[in-house]
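Note that the structure is a prediction, hence the values are computed from the model and not measured. Hydrogens, waters and symmetry mates are skipped; everything else that's a heavy atom, side chains included, is used.
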Amino acid sequence: DNVSCPDGLCVTTAIANYTNQADPANKLGDTARAEAILFLTHYIGDITQPLHNCGKLRGGNGELKTSKFALHFIWDQFLIEADVLDNYGNSFPNYIQAIIKDITCGAYKDEAVSWLSCKTDSGLVVSTVCPIEWSQEGNGFNCGSVWDNVGSIDPLGQTDDLYSNGYYAVNKEVARKQLAKAGLRLAFALNTL
């Protein structure tokens, strides 16, 4: 609708557009398809991050900040980088391998299949690409994780320490799981294309 996606310019329509552009049946040149895949990669990552589905305080880039971080940055980067540093020896390859293991035979194994199915037909060439459903799912974390726990972040800058104020501990697994969903969904879409 025009409220949540003004003039059709939002992440859900971008995913639909670039999925269709990446489809070989559209007979676009290699350069155009490669560009479409780059954008598709970016937007599938974005849509799983809760604040990309929220207009409140400009998706966390508005007034609410610690003295160091905008809330949007905390979700886009800090939670993941801190998890990599704290739990994976500051190694992104170790982090990625752990996520793959969780998807294939670990903590996410039983639910990972559900991440690849659409409840309704998306109308896209890749039937497992469901941007509206993914957006609604990501948005669901805004109240339950992002904003409900924001009281632990002191907007007056009394503490920049996202560890001691509890925000990191409460939200790191949400960020990690959402990243796992994005990676699996992207891999499946690319393999289908």
| Are any side-chain N or O atoms of Asp23 and backbone N or O atoms of Ala25, one a donor and one an acceptor, separated by less than 3.5 Å? | yes

Shortest non-hydrogen separation from [X] to [Y] and the atoms involved:
X      : Y      : result
Gln178 : Gly138 : NE2-CA, 4.4 Å
Pro50  : Phe141 : CG-CB, 3.6 Å
Ser127 : Cys118 : O-SG, 3.1 Å
Ala182 : Gly45  : CB-CA, 4.1 Å
Trp134 : Val129 : CH2-CA, 3.8 Å

Who pairs with [X] by salt bridge (charged side-chain N to carboxylate O under 4.0 Å, His left out), at least two apart in sequence or on another chain?
X      : result
Lys172 : none
Glu173 : none
Arg33  : none

| message | Under the rule for side chain to side chain contact (heavy atoms under 4.5 Å, CB included), what residues qualify as partners of Thr12, not counting sequence neighbours? | response | Cys5, Cys10, Ile47, Pro131, Ile132, Ser135

| remark: Sorted by chain and residue number, the side chain to side chain contact (heavy atoms under 4.5 Å, CB included) partners of Asp46 (sequence neighbours excluded) come out as Val11, His42, Tyr43, His52

| query | How far apart are the C-alpha atoms of Phe39 and Asn17, what are their side-chain angles, what is the distance that settles it, and do they pass the side chain to side chain contact (heavy atoms under 4.5 Å, CB included) test? | reply | CA-CA 10 Å; Phe39 279 107; Asn17 176 35; over 6 Å; no

Taking ILVMFWY side chains as joined if any heavy atoms are under 4.5 angstrom apart, and letting links pass through other members, which residues group with [X]?
X      : result
Ile103 : Ile80, Val84, Tyr88, Phe92, Tyr95, Ile99, Tyr108, Trp115, Leu116, Leu179, Leu184, Phe188
Leu38  : none
Ile96  : Ile100

| task | Give, for atom CG of Leu190 and atom OG1 of Thr41, the distance between the pair rounded to the nearest 0.5 Å. | result | 5.5 Å

| request: Calculate, to the nearest 0.5 Å, the distance between atoms CG and CG belonging to Asp83 and Asn171 respectively. | output: 11.5 Å

| said: Applying side chain to side chain contact (heavy atoms under 4.5 Å, CB included) to Ile44 and Leu40, what does each step give before you reach the verdict? | reply: CA-CA 6 Å; Ile44 288 178; Leu40 184 61; 3.8 Å; yes

Using side-chain hydrogen bond (donor to acceptor under 3.5 Å, both in side chains) as the criterion, list what pairs up with [X], not counting sequence neighbours.
X     : result
Asn90 : none
Trp75 : Tyr167
Glu35 : none
Asp76 : Gln49, His72

| request: Check Lys181, Lys177, Arg176 against Asp102 for a salt bridge (charged side-chain N to carboxylate O under 4.0 Å, His left out) and give me the one that passes. | output: Arg176

| message | If the threshold is 4.0 Å, N to carboxylate O, is there a salt bridge linking Glu133 and Arg185? | response | no

